[in-house]
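Following: one structure in structure tokens, then a few remarks.
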There are 2 protein chains.
Amino acid sequence: MLQLTKRTEYGLIALVHIAERGAVDAGAFVSAREICDRYPIPRRLVAEVLKALQKHAIVESQRGATGGYALTRRPEQITLGQVVSALEGAPPLTSCESPIVLKSGGCEVQSMCPIRSPVNRVREQLWGLLEHTTLRSLLPTRSAPLAIGAANGAAHANAAAAQLD
Amino acid sequence: MLQLTKRTEYGLIALVHIAERGAVDAGAFVSAREICDRYPIPRRLVAEVLKALQKHAIVESQRGATGGYALTRRPEQITLGQVVSALEGAPPLTSCESPIVLKSGGCEVQSMCPIRSPVNRVREQLWGLLEHTTLRSLLPTRSAPLAIGAANGAAHANAAAAQLD
DNA sequence: AGCAAATAGCATCAAATTGGTGCCGTTTGC
DNA sequence: GCAAACGGCACCAATTTGATGCTATTTGCT
């Protein structure tokens with residue numbers, strides 16, 4: 001289904017929460033417990049998601065009693081694409097590009113597949129939209145407008161957003 | 001996963017094929033057999049997909065010996081959104097909007113969910129991209145450029161494409 | 001009339017993905 | 001040294017998805 005997984009949802013909730021806490025308490029580490037205390041999310045899941053985000057250098061973690069998670073960079077430098085990629089893997093959108101198919105000799109339809117390259121362009125468009133939508137634009141307050149205009153237009157929108165800091 | 005299903009892929013392959021055949025042979029009905037003879041797609045699947053497309057009035061079918069399928073309207077009037085919607089159902093992207101959750105009282109996180117409305121905007125952006133990408137732009141020859149610029153810009157791109165015929 | 005081709009509708013099944021959970025080890029502040 | 005919190009691993013249940021079989025009905029052609 002063309003749908004974000006719960007993992008991604010939870011990840012976004014966590015990231016937004018961490019970003020908000022970080023805005024007031026710079027340098028503070030937010031614990032997974034704090035997040036799942038505030039939102040009805042299984043603690044185990046939050047931990048799993050945050051672990052994945054940490055491995056992809058989107059958040060950094062601090063162990064120990066006062067430990068927790070913090071963003072490795074500013075919200076405007078974290079894109080939805082990075083988050084989705086970390087939590088769901090690269091988005092092959094069409095199975096032509098999926099690792100499984102590729103390692104088994106590639107898509108058999110490939111040579112004559114009439115939709116391969118066009119759908120790939122669609123995939124890149126969709127992906128571009130995610131890549132150019134930043135975590136900052138998901139924050140409730142002082143939120144930047146969404147990267148409207150997708151792939152092409154987003155280049156400017158994003159560049160502009162990046163210059164905000 | 002943020003990925004089109006095989007059903008959708010098969011559907012697009014079939015639609016592109018039918019569109020191409022229709023371009024030369026106006027009014028001809030393309031059989032499912034012809035499609036799965038040309039592409040390594042299980043015949044049963046093609047039939048199932050085409051049946052779904054027929055129920056959503058994207059293709060019309062003709063039974064009997066020389067029967068088959070034909071587009072109900074021109075390629076530039078068939079959008080990726082319509083195809084995906086017919087084959088995968090409406091795209092809730094976030095579970096907040098899924099029918100299951102809604103009928104069971106709605107998303108519990110809803111009232112305090114920090115990502116609900118922003119992610120919904122993203123969902124609409126993604127969906128808008130699909131809605132404004134036509135089957136014509138997937139055709140290999142005389143292909144119109146993809147609806148670049150998504151939601152906002154696509155309004156013009158699509159209007160322009162519609163005027164092609 | 002009868003045969004062959006093709007869609008329509010049904011149900012079923014196996015595999016993959018996903019959401020969710022438990023347990024235990026390690027680190028760190030108090 | 002104790003409690004809090006992350007890190008890692010394996011596991012399970014539910015849903016979705018890909019795929020298949022069988023039969024009935026329609027229609028063109030001989």
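Chain letters run A, B, ... following the sequence lines, proteins first and then strands; every chain starts at 1.
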Report the distance from atom [atom1] of [X] to atom [atom2] of [N], rounded to the nearest whole Å.
| X | N | atom1 | atom2 | answer |
| --- | --- | --- | --- | --- |
| B:Glu34 | C:dA5 | CD | P | 15 Å |
| B:Ile41 | D:dA19 | CD1 | C1' | 13 Å |
| A:Glu60 | C:dT28 | CD | P | 14 Å |
| B:Phe29 | C:dA6 | CZ | P | 14 Å |
| B:Leu4 | D:dG18 | CG | P | 11 Å |
| B:Leu87 | D:dT17 | CG | P | 11 Å |
| B:Arg43 | D:dG18 | CZ | C1' | 18 Å |
| A:Lys6 | C:dT17 | NZ | C1' | 15 Å |

Inset, instruction - Tell me which nucleotide among C:dA6, C:dG20, D:dG21 gets nearest to the side chain of B:Arg44. - result: D:dG21
Inset, instruction - Look at the side chain of B:Gln54 and decide which nucleotide, out of D:dG7, C:dA8, C:dG20, has an atom nearest to it. - result: C:dA8
Would you say the side-chain atoms of [X] pair up with the backbone N or O of [Y], donor to acceptor, closer than 3.5 Å?
| X | Y | value |
| --- | --- | --- |
| A:Thr72 | A:Glu60 | no |
| B:Arg21 | B:Phe29 | no |
| A:Glu131 | A:Thr79 | no |

Inset, instruction - Pick base, sugar-phosphate or nothing for B:Ala47, based on heavy-atom distances below 4.0 Å to the nucleic acid. - result: nothing
Inset, instruction - For A:Tyr69, answer base if it contacts any base atom (sugar-phosphate contacts may also be present), sugar-phosphate if it contacts only those atoms, and nothing otherwise; contact means non-hydrogen atoms under 4.0 Å. - result: sugar-phosphate
Legend entry - Along DNA chain D (nearest heavy atom to each residue), the more 5'-positioned of A:Lys55 and B:Glu48: A:Lys55
Legend entry - Phosphate OP1/OP2 of C:dG19: any A:Arg7 side-chain N/O under 4.0 Å: yes
Inset, instruction - Kindly say if B:Thr5 contacts the phosphate of D:dT16, meaning a side-chain N or O under 4.0 Å from OP1 or OP2. - result: no
Legend entry - Student check: side-chain heavy atoms of A:Val84 and A:Trp127 closer than 4.5 Å: yes
Legend entry - Point-to-point distance, once rounded to the nearest 0.5 Å, from CD of A:Gln82 to CD of A:Gln77: 9.0 Å
Inset, instruction - Kindly indicate, with the supporting measurements, whether the criterion side chain to side chain contact (heavy atoms under 4.5 Å, CB included) is fulfilled by A:Val24 and A:Glu20. - result: CA-CA 7 Å; A:Val24 255; A:Glu20 287 179 320; over 6 Å; no
Mind listing the N/O atom pairs, protein and nucleotides 24-28 of chain D, below 3.5 Å?
{"from": "D:dT25", "atom 1": "O2", "to": "B:Arg63", "atom 2": "NH2", "distance (Å)": "2.9"}
{"from": "D:dT26", "atom 1": "O2", "to": "B:Gly64", "atom 2": "N", "distance (Å)": "3.4"}
{"from": "D:dT27", "atom 1": "O2", "to": "B:Ala65", "atom 2": "N", "distance (Å)": "3.3"}

Inset, instruction - Check the pair B:Leu135, B:Leu71 against side chain to side chain contact (heavy atoms under 4.5 Å, CB included), reporting the backbone distance first and the verdict last. - result: CA-CA 11 Å; B:Leu135 176 59; B:Leu71 302 183; 4.0 Å; yes
